[in-house]
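Chain letters run A, B, ... following the sequence lines, proteins first, then strands; residues in each count from 1.
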Amino acid sequence: MLTILFDGIAYGMLLFVLACGLAVTLGLMNFVNLAHGAFAMAGGYLTVVLMNSYGVSFFLCLPFAFLFSALIGVVLERTLYRHLYDRSHLDQVLFSVGLIFMAISAVDFFMGARQQIVTLPDILRGRIEIFGVPVGVYRLFIIFMCALIMVGLQYALAYTRFGSRLRAAVDDGRVARGLGINVSIVFAVTFAVGSGLAGLGGALGADILGLDPTFPLRFMIYFLIVVTVGGTSSITGPFVASLILGIADVAGKYYFPALGSFVIYAVTIGLLLWRPYGLVSKEGAR
Amino acid sequence: MTPILETDSLVCRFGGLVATNDVSLKLNEGARHALIGPNGAGKTTFINLLTGALKPTSGTIRLEGVDVTREPAHKRAARGMSRTFQINQLFADLTPLETVTFAVLERQNHGIDPFRSVAGHRAEIDEAASILERFRLGDVMDWKTSDLPYGKQRLLEIAVAIAAKPKVLLLDEPAAGVPEEERHEILDMVNGLPKSVAVLLIEHDMDLVFSFAERISVLVQGALLVEGTTEEVANDPAVRTAYLGEDADE
Amino acid sequence: MSEPTDKTAPPAPSDPVRLIARKTAWGPMEIIFWLAALASVFFLPKSYLLLNDIAILALFALSLDLLLGYAGILSLGHAAFFGLGAYAAGLFSIHVSAEPVTGLLVAGVAAGILGFLSSFLVLRGSDLTRLMITLGVALMLLEAANQWRSLTGGADGLSGMVMDPILGMFAFDLWGKTAYIYSLTTLFILFVIARRLVNAPFGLSLKAVKGNWTRATTVGVAGNRRLVAIYTIAAVYAGIAGGLLAQTSQFVSLDVLAFQRSADGLLVLVIGGTGYLYGGLIGAIIFKLMHDTIAALTPQYWLFWLGLVLVVIVMVGRDRIFAGPQFVVAWIGAHLKALTGRGER
Amino acid sequence: MSELLRVEELVAGYGPAVVLTGVSFKLEEGESLALLGRNGTGKTTLINSLVGVTTYKSGRIVFDGKDIARTPVESRAALGLGWVPQERNIFRSLSVEENLTATARPGTWTLERVYELFPRLAERKTNMGNQLSGGEQQMLAVARALMLNPRLLLLDEPLEGLAPIIVDELMGVLHRVVSEEGLSAIIVEQKARKILNETDKAIILDRGSVIHESASRDLLADDAMLSSHLGVAQGAARPGA
Amino acid sequence: QDTVKVGLILPMTGPFASTGRQVSTAAEAYMDVHGSEVAGKEIELIIEDDGGVPDQTKRIAQELVVNEDVDILAGFGLTPLAFATAPIASQAKVPMVVMSAGTSSITEKSPYIARTSFTLAQSTVPLAKWAAENDIKSVVTVVADYAPGIDSENSFSKEFESHGGEIVEKIRVPVANPDFAPFLQRVRDLEPDAVFVFVPSGVGSAFMKQFRDRGLDEAGIQLIGTGDVTDDDILNDMGDVAKGVITTHIYSAAHESELNDTFKEAFRAAGGERPNFMAVGGWDGMALIYQALEKTGGDTDGDALIEAMKGLAWESPRGPISIDPETRDIIQDIYYREVKDVDGELYNVEFGKEEAVKDPVKAGQ
Ligand SMILES: Nc1ncnc2c1ncn2[C@@H]1O[C@H](COP(=O)(O)OP(=O)(O)OP(=O)(O)O)[C@@H](O)[C@H]1O
Ligand SMILES: Nc1ncnc2c1ncn2[C@@H]1O[C@H](COP(=O)(O)OP(=O)(O)OP(=O)(O)O)[C@@H](O)[C@H]1O
Ligand SMILES: CC(C)C[C@H](N)C(=O)O
Ligand SMILES: [Mg+2]
Ligand SMILES: [Mg+2]
């Protein structure tokens, strides 16, 4: 029972780590970056290459994965993404799907179509007992990382001026600039952080979720569910959503294995009907 | 005679804030009534309650004697309640002609007609065009609405509201953003509506209010402070301190 | 910024009807488009199979355009209706009657019923919410089809369909000729109906509801009901498209319900542009041809080039690409003007 | 008094469309200017061009001795421009207080001081930007500009939608800061007479250029001028024509 | 002209791209080794991508037949892809060589279908027998929820129960499943002697790692499965967790024979890394086509070719195989293997075999 709860939490947290970058780019910047998973994939593959070919330690790979994806993010943001902020969501969809396609093919070309495997260091393997409940060490580690990210983001967005300047820039970029906010830098930094978080998520998730070139498409739906159910106006929303969905999915599969993925979709629809603008939302009725 | 529009102890809260506090107001057929009050007094909120854009916390709204408190906005509109918005609510991608034609078609319940082309509804288009002419929008009726200068958009906002041939017309600061010399014209046009139409006007331009309204209600912090004729209100000391300021009549 | 329409030659204000009619009349480009489609039946015998695919995809995208372009409802789960139509047509042909036209109607009706029922789920919320709810519905249907193996064949697909000749006269052939003509005809008929629909007051009211919900409601429109109506109609269209696929390929697999199917439809529509009905059609032609050509050159990495094209379309701008030749002329013109010093710069 | 702003033959518009066809005027430090003109004559476009959010074509904008016509938009606020856009453009997902602090720059205008000026805002400080009444939004837009601690305030119809008593108060404050704190201001207003009493200078725009420039006092006395350029006239000018 | 066109339709992109890659590389490798001329005819291989979507497979097959005049259709990475195309083979009388799909009933869908891959029942039945004989009394099955998975679930439980074993529970997991945790936890709580697993190759490693991390091995539960979980393609990267896993399958890259060495080398030369059981299906598919053409003397008539294929027997890199003349399905040896470290690399090392296994599903009918 408690093990299932713990697994659900860990799974939810993993979803959160993967999706929180999207919560930043889609939720806060209002850019429908479906290619989010591609940045996650970049982090995952970097980890695989560094570990398997250069023997770099897994722990060191994590910050590298963040930086690597952030770097790709910032380069793409400066060259391509920034031209699309004021375009329609549909154009953004088309563009980011195009990027996904290119990423999938490119990874396939360089790394092959097969599954890549990350071998975790021994201290992260196995399980330990906490209050009599056996828990997976790696899952515990993910929960820990997630808490760290959550606190960091929450602090940056709610307690610094950066958060309000970002939201101002998103609400009305033209006026924000007129009032002295350097919108392009704010966006570039935010985008880099969002991509970097994706990369970190990819590195952390590769072991549990597997890693192959179709990664960005396979998990796109989960990212989107988390951000939508959570609501786009905060980080806490997606966090809570990840928890609920993670627990619901794991418990659903444990208790009703025959229902397969039914549970997570049903919960998603139910939550969205209950709170159409997400769990945490500042929008009122229409 | 039953009033055409009547509210009874209407209350609306936003969290701790009482935006509308026990407001009972009557509009008779053909009324020319103004609602004034300081910023944030709850005027727009009151109109939102009347039209169904907001749901009241308590109280009732009756339109021609029928309790419409729980009715959705579109039903109230179909009963003859029409409004303008303090911040323009227009169809950016349609032309003024399409916009007003749409309103006319809907008034006649043609909106669900899926087969006859809009262009086939000649009478409605002509009616829309003549409304636009009246509002000096004739020469721009084929522009994209979003390309119109702000002042013209303001006029279109009123034209759409009038195309519905309302029984009650609620105007939320219709003259804001309109140049001085055209402000009076707008209200003249509103005045030119059939005498039976009841008009409730919100406006901060006291020249307009005093020249247009027969009765004025003053709302302060969500509650009605005074209601009376133009003179009564203009000379009410409480209104002067709360709203008009000292040099109000220069 | 878009120039106010027709600034140079202001139309006689006395004839507002013409101003409206001008936008809805059949233009020469439209007529050429359909003549070209007709010509393909005679001149492209080798491509019937591909053309048939294009026609079906075009119908699917057209149905999405009714939703997105005219009602502003973003759906990532439109495959639910496509797939339901496909299964309905398939099961109907196996268990009831192998007559294609009735089968197609059954597909449309089945999808329409689902569309009507599920439309109530998408009435509230933001774009993103609708995106996820539609997606969720489609994925749940996919799970259901997967689980209900006895009826649908589950992951193995529904095989054993054998279609009668259309109207008892035209049998489906290996070259896909009958299939293509059948699909094209269906597409054309449904297109004409859609065209009437959007040019009628109903269509205008949809644009209004999409453009500004608040204002449309204050004019007296029950926005929700209009959305339910168009959602149902779009579902019928998608169902018929699915039915066409089932009948012309005589096989139904879970893929008809897959996320990929919905996403392709959306891509196609966005490539072609929304809100003028031809977007889905043009998009389908571009997408399929592009896919087919590139995939023939590099079966492994065609996805890369397709992705690149999508990125380029967005970066350069759809309008400019479509207006290609005109744009070049206009561009040269503008620069000549600048050179002679009479331009704005 | 020294010159704060000099605009020379400014040509600007939106994309390819030219709205301002060559605007020139001057403003001294500590002076207030009324910017008048009919609907659609380019008042907003002029203000926006000073802020930098239109398409600049040619001409000079000399602010404090430096040509800022090509200075990036976001740097102009730091130079001392404070903008109140015509449509207020309150950041809807920021609370009232965040709206004030997000762009604030250090100086004499602080949260306390603007709350003192608009007590209404202090009462509503946790409301989101889109949960304000029209007039409250207007107050917030002005307060937000003041929090930038600018040297030149650009006010595009700041009085629109404000209750008469607030209008008086705001005009009083503007008058005080201009005369006592050496701030300058350009104020767009539809009601010429209301504003001319409170400003030093006035210019009238028509079809994208200045057709009249004088001391406010003189214009106020010039009934002919007022009625021919601002008074009742048939049909608004078409843009760019 | 004297060319024989072979249309090879495979998922070259999408989630099953690695299947397509293995098969197509092996087919090309076969042609590199054996030349492109058979019985005086030039073999032309046309590789097409169907992305794993059945209606695409079918359309491509149809186009190849009517426009390109292909003589033989081949490939078919997944069961539904083969099902969708079967009617085309019948209608156009073109032989269809199934090189990868593994559901038993495929060959029954058209008299023109022959298979060089395997059926899942073929692999699982010997495994069930082995389990029963090796002191395993109770088993939980975990299979991917699609036709091959269900085939394997059915044939395993039938065989296992017939030997007196007990199937405690049958769990089906979604094909695209992000996390095995809940399923594995359930298995653990059910405490069977062993868990039988079939998941498509690729997903296997995640399954195995979580199996260990969750301590199922410490709880005394043995992991057994078809060779898909220890797919040669990725086996080496799995690390310690894979060691000691017992599987049954048709092919191991560690199979010791000269022919297998040739195969592996050719495969590498054609751009692959380590060939797996899908690759060998592609290699043997080409072998089947070559031999059938030899037999007909270059005649490409569909009936003649399929007739020629029946009963063919030859030595494959996996061992001896033949085509059952009745069912046109493959008859082959099934090997018992254990994952072991061989010179620093992980391999499925064979330790026994079941000879000439026919598809048990069809044999049982
Ligand atoms: N974003 C825009 N794109 C294109 N043209 C515009 C835009 N904004 C304004 N215009 C045009 O520029 C001209 C000048 O408009 P502007 O808003 O500067 O006038 P204004 O004097 O401020 O009028 P008002 O009194 O209505 O506020 C108008 O004709 C208008 O149609
Ligand atoms: N959605 C909301 N949530 C919370 N408070 C709100 C909301 N909408 C309005 N308010 C508050 O309710 C009060 C009344 O607002 P309302 O818009 O009715 O004022 P008003 O009388 O129209 O003022 P104005 O003359 O400035 O337009 C204001 O103080 C406003 O801040
Ligand atoms: C084991 C796999 C090669 C089986 C194949 N994926 C099929 O669908 O039949
Ligand atoms: Mg108001
Ligand atoms: Mg203006």
Side-chain angles (χ1 to χ4, degrees), chain B residues 51-53 72-79 81-85 88-95 97-99 101-103 105-107 109-122 124-126 128-129 132-133 138-148 157 160-161 163-164, chain C residues 1-7 9-26 66 69-70 72 192-226 228-230 233 274-275:
Chain B
T51 58
H74 67 91
K75 287 221 176 115
R76 301 189 204 188
R79 286 178 187 278
M81 196 175 334
S82 190
R83 74 174 286 187
T84 68
F85 289 85
N88 284 342
Q89 298 286 347
L90 294 168
F91 308 118
D93 293 334
L94 300 187
T95 65
L97 181 61
E98 286 168 334
T99 306
T101 304
F102 157 69
L105 284 167
E106 289 298 339
R107 185 187 78 218
N109 286 325
H110 286 312
I112 44 171
D113 170 0
F115 276 109
R116 202 163 110 214
S117 153
V118 174
H121 292 266
R122 291 183 161 266
E124 287 81 3
I125 297 178
D126 285 335
L132 290 168
E133 291 294 344
D139 51 343
V140 294
M141 68 182 168
D142 202 30
W143 287 31
K144 220 173 110 172
T145 297
S146 54
D147 289 338
L148 295 178
E157 177 81 22
V160 189
Chain C
M1 162 195 128
S2 77
E3 293 283 301
T5 2
D6 220 355
K7 212 170 179 178
S14 58
D15 196 3
V17 174
R18 280 249 304 282
L19 291 178
I20 300 247
R22 204 179 44 190
K23 290 190 180 170
T24 56
W26 281 87
L66 286 176
Y70 291 87
V192 172
I193 294 175
R195 201 178 175 286
R196 286 216 74 118
L197 201 70
V198 303
N199 288 334
F202 178 68
L204 182 60
S205 75
L206 287 178
K207 280 186 227 169
V209 169
K210 175 191 172 197
N212 190 329
W213 176 279
T214 313
R215 170 51 82 188
T217 316
T218 0
V219 167
V221 177
N224 280 343
R225 275 191 230 157
R226 305 278 158 102
V228 167
I230 191 67
I233 294 171
T274 57

**Asked** By a 4.5 Å heavy-atom criterion (distance strictly below it), what part of B:D93 contacts chain C: side chain, backbone, both, or neither?
**Response** neither
**Asked** Tell me, side chain or backbone of B:L94 under 4.5 Å from chain C's heavy atoms, or both, or neither?
**Response** side chain
**Fill in**
Separation between CZ (B:F85) and OG1 (C:T218), nearest 0.5 Å, reads 4.0 Å
**Asked** With a 4.5 angstrom heavy-atom cut-off, which part of B:R122 approaches chain C: side chain, backbone, both or neither?
**Response** both
**Request:** Return yes if some donor-acceptor pair links the side-chain N/O of C:R215 with the main-chain N/O of B:L90 below 3.5 Å, else return no.
**Result:** no
**Asked** Taking C-beta and beyond as the side chain, do C:V17 and B:H121 meet within less than 4.5 Å on heavy atoms?
**Response** no
**Asked** Do you know which of B:R107, B:R83, B:E124 has the most heavy-atom pairs under 4.5 Å to chain C?
**Response** B:R83
**Asked** When B:D142 is tested against each of C:R18, C:R22, C:K23 for side-chain hydrogen bond (donor to acceptor under 3.5 Å, both in side chains), which residue passes?
**Response** C:R22
**Contact check, side chains of C:L204 and B:E98, non-hydrogen atoms, under 4.5 Å** = yes
**Message:** Which atoms of B:A164 are under 4.5 Å from chain C, going by heavy atoms: the side chain, the backbone, both sets, or neither?
**Reply:** neither
**Item:** Choice from C:G220, C:A229, C:G223 maximising heavy atom contacts with chain B below 4.5 Å
**Value:** C:G220
**Request:** Name the region of B:A92, side chain, backbone, both or neither, that has any atom closer than 4.5 Å to a heavy atom of chain C.
**Result:** neither
**Asked** Are B:V118 and C:T24 close enough that some pair of their side-chain heavy atoms sits under 4.5 Å apart?
**Response** no
**Prompt:** Heavy atoms, side chains only, cut-off 4.5 Å: are B:H74 and C:T217 in contact?
**Reply:** yes
**Request:** Would you name the heavy atoms of B:F91 and C:A208 that are closest together and state the gap between them?
**Result:** CE2-O, 3.2 Å
**Request:** Go through C:S205, C:A21, C:G211, C:G203 and name the one with the most non-hydrogen pairs under 4.5 angstrom from chain B.
**Result:** C:S205
**Message:** With rounding to the nearest 0.5 angstrom, report the CD to CG distance, B:Q89 to C:N212.
**Reply:** 4.5 Å
**Message:** Any heavy-atom pair between the side chains of C:P16 and B:D126 that's under 4.5 Å?
**Reply:** yes
**Prompt:** Out of curiosity, C:I20 CD1 to B:M141 CE, how far, rounded to the nearest 0.5 Å?
**Reply:** 9.0 Å
